Every structure is written in C-alpha cells, then in structure tokens.
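Heads up: the structure comes next, in structure tokens.
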Amino acid sequence: MKIIIVGGVAGGATAAARLRRLDEKAQIIMIDKGDYISYANCGLPYYLGGVIKNRERLFLQTPQSFYSRYRIDVRIASEVTKIDCKNKQVEVKNLTNGDVYSESYDKLILSTGVEPIKPDIEGVDNEGIFMLRNVADTDAIKRYISNHNIQRAVVVGAGFIGMEMVENLTHLGIEVSIVEAKKQLLPILDFSMSALVQDYLTRKNIKFYLGNTVTKIFRQGEDLCLALSNGEQCSCQMIILSIGVKADTKIESDAGLQLDAKGSVVVDKYLRTSDKDIYAVGDMIVFNHPVTQKPKPVFLAGPANKQGRIVADNIVFDNISHYEGSVGTSIMKLFDMTIATTGLTASELKDNGFNYKSSITHSPSHATYYPDASQMSIKLNFDAQSGQLYGAQIVGFDGVDKRIDIFSLTIAHRGTVQDLCAFEQAYAPPFSSAKDPVNIAATTAENLLHGLLDNITWHEVLDHQDAYQLLDVRTNDEYAKGSIAGALHIPVDELRNRLDELPKNKQLVVFCAVGMRAYLATRILLQNGFSALNLSGGYKTYSAVAKM
C-alpha cells in the first residue's frame, strides 16, 4: 500500500509513525511545504521569550531521523498543489528548484492545518508587522527585536497565542499593549472569568484597548501607529497580529472535497473526507462537538495527534476506530497565572438554546495551613435539570491543570456535577484539601439544583441594582476596605441577632468575599422568612468585573 501524507506537523507526523508501527511494508511519503517537520509549534512563543533557550529543542524529528527510525520518505520544501481524486494522484512542486511532478497514492492523508488571518487594512504590510505560525516566523520576529532594539510592541488579538506573546515579549523587557475587538481578553472564556485575568494583567502594567479594531496602520517617524475604531491611536515599534486562523484548504477545495461554510474539511466518524480514500486530520477539519452535536473546529495539538493515530488504524485495519470529537480542553500559562477551559461557555450554551445554570467558586489550591496555597477560581456551566456538566473554566496559580482534566473527562463522558460531588481525589496537604476545589465547585452547583440557594450574577446586580437590597456579610475589616455601593453590612456571625435590621419587603442579595459565608447567610435568611439570593462568585468576581 502506498500512502501519501500532506503536512508533517502534529497529526500528519503522528499518522506517519503509527502507520509504520502497524505496517512495516507500506510505502509512506510525507510532504511538507515548510523546512521542518514534527516541531513543537506550541513552544514557539517560549523560544521567542527566551524561556526555551535552545532552538534545536523545538524539533522533535528531522527528515533524516524520521527516515532512520521509520523508513518514511520525507520531502520538505515541497508543496502539494493539486489533488486528482479520480486518478488518485497528487501534483507536487519542489519549492527549492521549481520542479513539478506527480505522485500516485492508494490512500491520502491531509493535514494542511490553518493559516493566520491577515486583516485587510491599510498599512498592514509595513515593516515590523508579523504573524506567528511557524519556525520561520519566529526566527524573523526574534531577528527584528534584536536588530531594532524593540522597546514597545502591540499585540492585536487577545486569544491564547496573543496572550502568550504578551507574556514572552514582556520577558524580553518590551512594553506591551493589547488591542482586542471583543470587550474582554481571552474571548474563549466567559466575561466574569476574563475579568480576573484582566485585573491580574493590570497589575503587570499591561495596557488594553478592548472593544477596538485597527482601522489603519501608518508610519509616524520611526514608530508604527495604529488608528483604532474608537478614534484613539497607539504607537509602537513592532506589531504582532494574532486575530485568528482559517483552514488552509485550497487544494481540498479545488479537488472538490466537501467543505463547510468556513472552509474546513468535513469528515465522518472514521475521519474520511467525502472521498473514501482520502482522510483528513488536525486544525483544518470540522467535527461535531460532543455536547452540542453541531460542527465545530478545534485548533489544538492534542486532538490532532489523536486523529493521526485513528486514521492510521483505519487505513491498516479497514476503519475500525471512531473519532468521538473534542470537547475543546485548553490551558495556558500567563506569567504566574494559569488559565484553563473545557467544554462550552455560557454564551455558547445560550446561543444553542440550552437550559443551563452557572456557578462560580473561589477555593484554595491546597490546605491553607500548608505553605503557599493560592486561590483558584472555577466556573461551572451545567444542565439546569439533570446537572450534566457542559463547561468549566479555571483561573488560578497552582493545580489548575489536574482539575481541568477532571472536568474535561466528565464532560466527554456526559457526567454530572453530582458525579463530581462524589469524586475522590488524591489528598495530602501539599496537593489538595479534604474538600478539593472540584468537590467545592460541584457541591455549590448541586445546591443550586436542589434549591438550597439561588444565585444571582454580577451583571443582573449591575443592571437592576435598585430592585435588590445588597447585604455584605464579611468582617468589619473587609468591609472597611471597600464594598458594593448601597450594601448593608452585617457580619455573618452577627446575622441571627440582627435580622430585625433587614427589610422583608425587598429581595436580599447576599455576598461575602468568595461565596462560602454568603451561602451560610442565605440559608439563615431563607429559614427565617426572607427572600435571599447569593451573589455568584462573591465580591471577588463582582469587583473584578466592575473595574472593566
């Protein structure tokens, strides 16, 4: 059997290696238009920032090492320019000498990936404007910083890659500003969780231009100047564009393979395209999300590698493996902070017509009596009736990774918040608490399901504050440092003795720092004839959002 693989990073390289392990006799050709294969593209921002010092550590395999170990014919600097499905051939152009030739196949695997979106604005081709996709882009940015002594930069786009660039440029001593079209950082998060990130970055002296698009880029002396949609301007010496990606599927489109409206390749559960002898993997495919059962692309290396393995199995063993889809689990480091998300955001659930509830908790990463415990903020989105977990987001500093993985597995297996209440985690004071943050987040959600309390969100309070009487149940010292305007203040330990100070003709909104004491206060009030709601996420969430 002769198998051609187009694209040699992540999914393509994984498929090639798996194919060889399964079939020693197959003829396998891997073609990539770049100069490198099987490299750590997720590590590129960290090499740029000097965290990864040795450039060679980015390269997991070379064409030579891949051939030595797997006997795979790797052709770099070669671009597949055409697919002839009828005759089962591809046209290949050697980018070094311009030669064009044809190569036949029995099975074809496409892993052409995505390309950065370049905005159609005046001045976007000025010197000093970059996008980060591959090793060549990284090398060019690194040279430019060194040769031009860059002190000020603007990152356009506040997604994961953009934010990683913010961190790593800052590591180089560069003053960084962010321009983002949405009114929040990291649009992959719900607004309340993004507010925690923005509050943190404000203390890092990062400047934001949120809810803004770039309308024009022009030279102003030695500087680049960005004209923004709100009429402001910001100047810098270098610009990184990170406004998103689109599927790199020109050859697939020209070949007549089925694409969706956004140009991603449509595949079945075996990862076959509309041509039964052509498979596709990675960022350029679209597959149904396990929760919504609607098509959604996922731009992550983990799913691409899993897809590569599945395709190899299906080629050798005649379609024995199914792809179940990705819930979209991702994580990033941002200075000392860790941000992670899995499943669906509240806005996605709303757009898809789900009946859901949300809860926010703030818990210590491990036992507070053991040194260096840090706060971990968790938001859960779940079915309002069954408690099925739909999404989870975490913003914290320690132990975020293992908790998001628990939530990811729960979503993928259609588990519930009740399952997470019973979840048994490994416990010792340096690692967790007897009540792990996962358990605390889940029991809070379960209380909502059982009607033991009812939440109110920060935006409901902001939008209709006159309709409620706010009640701050924190200590006197906490209250003295700031509270929500108009709130009454009665510490929770005094509440039972001061119930006569509260109005019974108005709904109470109870809050503390993070929610635990407010829950106790709410239970006291409800059992004494008051109507009371718990402010989800407490004063910590509200104050972060109010600053934005």
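No experiment lies behind these values; they were computed from the predicted model shown.
No more than 12 heavy atoms of other residues, nucleotides or ligands sit less than 6.0 Å from atom CZ of Arg57. With a 6.0 Å radius and a threshold of 12 heavy atoms from other residues, nucleotides or ligands, Lys204 has its NZ atom above the threshold. Heavy atoms from other residues, nucleotides or ligands lying under 6.0 Å from CZ of Arg219 number more than 12. Heavy-atom contacts from other residues, nucleotides or ligands closer than 6.0 Å to NZ of Lys2 number more than 12. When the shell of 6.0 Å around CD of Glu175 is examined, it contains 12 or fewer heavy atoms from other residues, nucleotides or ligands. No more than 12 heavy-atom neighbours from other residues, nucleotides or ligands sit within 6.0 angstrom of NZ on Lys182.
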Test Arg403 against Asp405 for salt bridge (charged side-chain N to carboxylate O under 4.0 Å, His left out), laying out the working first.
-> CA-CA 5 Å; Arg403 273 75 177 210; Asp405 289 342; over 6 Å; no
Audit row: Thr292, Asn352, side-chain hydrogen bond (donor to acceptor under 3.5 Å, both in side chains) steps and yes/no | CA-CA 7 Å; Thr292 65; Asn352 283 279; 5.0 Å; no
Salt bridge (charged side-chain N to carboxylate O under 4.0 Å, His left out) assessment of Glu115 paired with Arg133 | CA-CA 7 Å; Glu115 56 184 352; Arg133 181 191 181 192; 5.1 Å; no
Please assess Tyr356 against Tyr390 for the test ring pair (Phe, Tyr, Trp, His ring centres under 6.0 Å), listing each intermediate value before the final yes or no.
-> CA-CA 9 Å; Tyr356 72 96; Tyr390 291 145; 7.9 Å; no
Show the numbers, then the answer: is there a salt bridge (charged side-chain N to carboxylate O under 4.0 Å, His left out) between Lys88 and Glu103?
-> CA-CA 9 Å; Lys88 300 179 72 170; Glu103 196 75 61; over 6 Å; no
Report the C-alpha separation of Lys296 and Glu348 in whole Å, then their side-chain angles, then the decisive distance to 0.1 Å, and conclude whether the salt bridge (charged side-chain N to carboxylate O under 4.0 Å, His left out) test is met.
-> CA-CA 11 Å; Lys296 183 180 180 182; Glu348 288 176 313; 2.8 Å; yes
Show your working on side chain to side chain contact (heavy atoms under 4.5 Å, CB included) between Ile83 and Cys85 and close with a plain yes or no.
-> CA-CA 6 Å; Ile83 303 169; Cys85 300; 4.0 Å; yes
Stepwise side chain to side chain contact (heavy atoms under 4.5 Å, CB included) check, Leu110 with Leu108 | CA-CA 7 Å; Leu110 300 172; Leu108 179 64; 3.9 Å; yes
Phe397 and Tyr200: CA distance, side-chain angles, deciding distance, ring pair (Phe, Tyr, Trp, His ring centres under 6.0 Å) verdict = CA-CA 11 Å; Phe397 296 89; Tyr200 172 73; 5.7 Å; yes
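Residues Gln418 and Gly387 approach most closely at OE1-CA, 3.8 Å, considering heavy atoms. Of all the heavy atoms in Leu185 and Met163, the pair that sits closest is CD1-CE, 4.0 Å. Nearest heavy atom pair, residue Ile31 against residue Ile29, reads CG1-CG2, 3.9 Å. In terms of heavy-atom proximity, Pro303 sits nearest to Val298 at CG-CG1, 4.1 Å.
Formation of a donor-acceptor pair under 3.5 Å by the Asn212 side chain with backbone atoms of Asn230 is found in this model. For the pair Ser146 (side chain) and Lys142 (backbone), a donor-acceptor distance under 3.5 Å is absent. A donor-acceptor pair is defined here as one N or O able to donate and one able to accept, closer than 3.5 Å; no such pair exists between the side chain of Asp248 and the backbone of Gly113. With hydrogens and angles ignored, the 3.5 Å screen pairs a side-chain donor or acceptor of His148 with a backbone N or O of Tyr144. In this structure, Asp23 contributes its side chain and Lys25 its backbone to a donor-acceptor pair below 3.5 Å. A donor-acceptor contact shorter than 3.5 Å links the side chain of Arg20 to the backbone of Arg71. Using a distance-only test at 3.5 Å, with no hydrogens or angles considered, a donor-acceptor pair links the side chain of Thr410 to the main chain of Ile406. Arg414 places no side-chain N or O within donor-acceptor distance of the main-chain N or O of Ile411, the cut-off being under 3.5 Å. For Ser229 (side chain) and Thr213 (main-chain N/O), a donor-acceptor pair under 3.5 Å exists by modelled atom type. Ser194 places no side-chain N or O within 3.5 Å of a backbone atom of Asp190 that could act as its donor or acceptor partner.
With hydrogens and angles left out, the side-chain atoms of Glu252 and Thr112 include a donor and acceptor closer than 3.5 Å. Between the side chains of Tyr279 and Asp268, no donor-acceptor pair of N or O atoms lies under 3.5 Å. Residues Ser68 and Ser65 bring no donor and acceptor atom of their side chains to less than 3.5 Å of each other. Between the side chains of Tyr323 and Gln307, at least one donor N or O sits under 3.5 Å from an acceptor N or O. Looking at Asn305 and Thr14, their side chains do bring a donor and an acceptor atom within 3.5 Å of each other. In this structure, a donor-acceptor pair under 3.5 Å is present between the side chains of His171 and Glu167. Under 3.5 Å, the side chains of Thr81 and Glu91 contain a donor-acceptor pair of N or O atoms. For Ser386 and Asp383, the side-chain atoms include at least one donor-acceptor pair closer than 3.5 Å. Remark: the Asn94 side chain and the Ser78 side chain contain no N/O donor-acceptor pair separated by less than 3.5 Å. Side-chain contact of Tyr105 with Lys107: a donor-acceptor pair under 3.5 Å is absent, judged by distance alone.
Classification of Lys250 and Asp254 as a salt-bridged pair holds, one side-chain N sitting under 4.0 Å from a carboxylate O. Using a 4.0 Å cut-off between a side-chain N of Lys or Arg and a carboxylate O of Asp or Glu, Lys246 and Asp283 do not qualify as a salt bridge. Salt-bridge annotation for Asp313 and Arg18: present, with a side-chain N of the basic residue lying under 4.0 Å from a carboxylate O of the acidic one. Comment: Lys86 does not engage Asp84 in a salt bridge, judged by the lack of any side-chain N to carboxylate O separation of less than 4.0 angstrom. A salt bridge does not link Arg272 with Asp277: every distance from a Lys NZ or Arg NE/NH1/NH2 to an Asp or Glu carboxylate oxygen is 4.0 Å or more.
The structure places CD1 of Ile239 at 4.5 Å from CD1 of Ile129, a figure rounded to the nearest 0.5 Å. The distance from the OG atom of Ser38 to the CZ atom of Phe66 is 6.0 Å, given to the nearest 0.5 Å. Atom CZ of residue Phe130 and atom CE of residue Met165 lie 10.0 Å apart, to the nearest 0.5 angstrom. In this structure, CD on Glu56 lies 14.0 Å from OH on Tyr39, to the nearest 0.5 angstrom. In this structure, Ser326 OG and Asn288 CG are separated by 12.5 Å, a value rounded to the nearest 0.5 Å. One distance of note links NZ of Lys118 with CG of Asp120; it measures 10.0 Å at 0.5 Å rounding.
Counting only heavy atoms from C-beta outward, the side chains of Ile339 and Ile394 never approach each other to under 4.5 Å. Side-chain atoms of Val311 and Tyr270, non-hydrogen and from C-beta on, never get closer than 4.5 Å to each other.
Each of Ile378, Leu186, Thr345 was evaluated against Gln393; a single residue qualifies, Thr345, per the side chain to side chain contact (heavy atoms under 4.5 Å, CB included) test.
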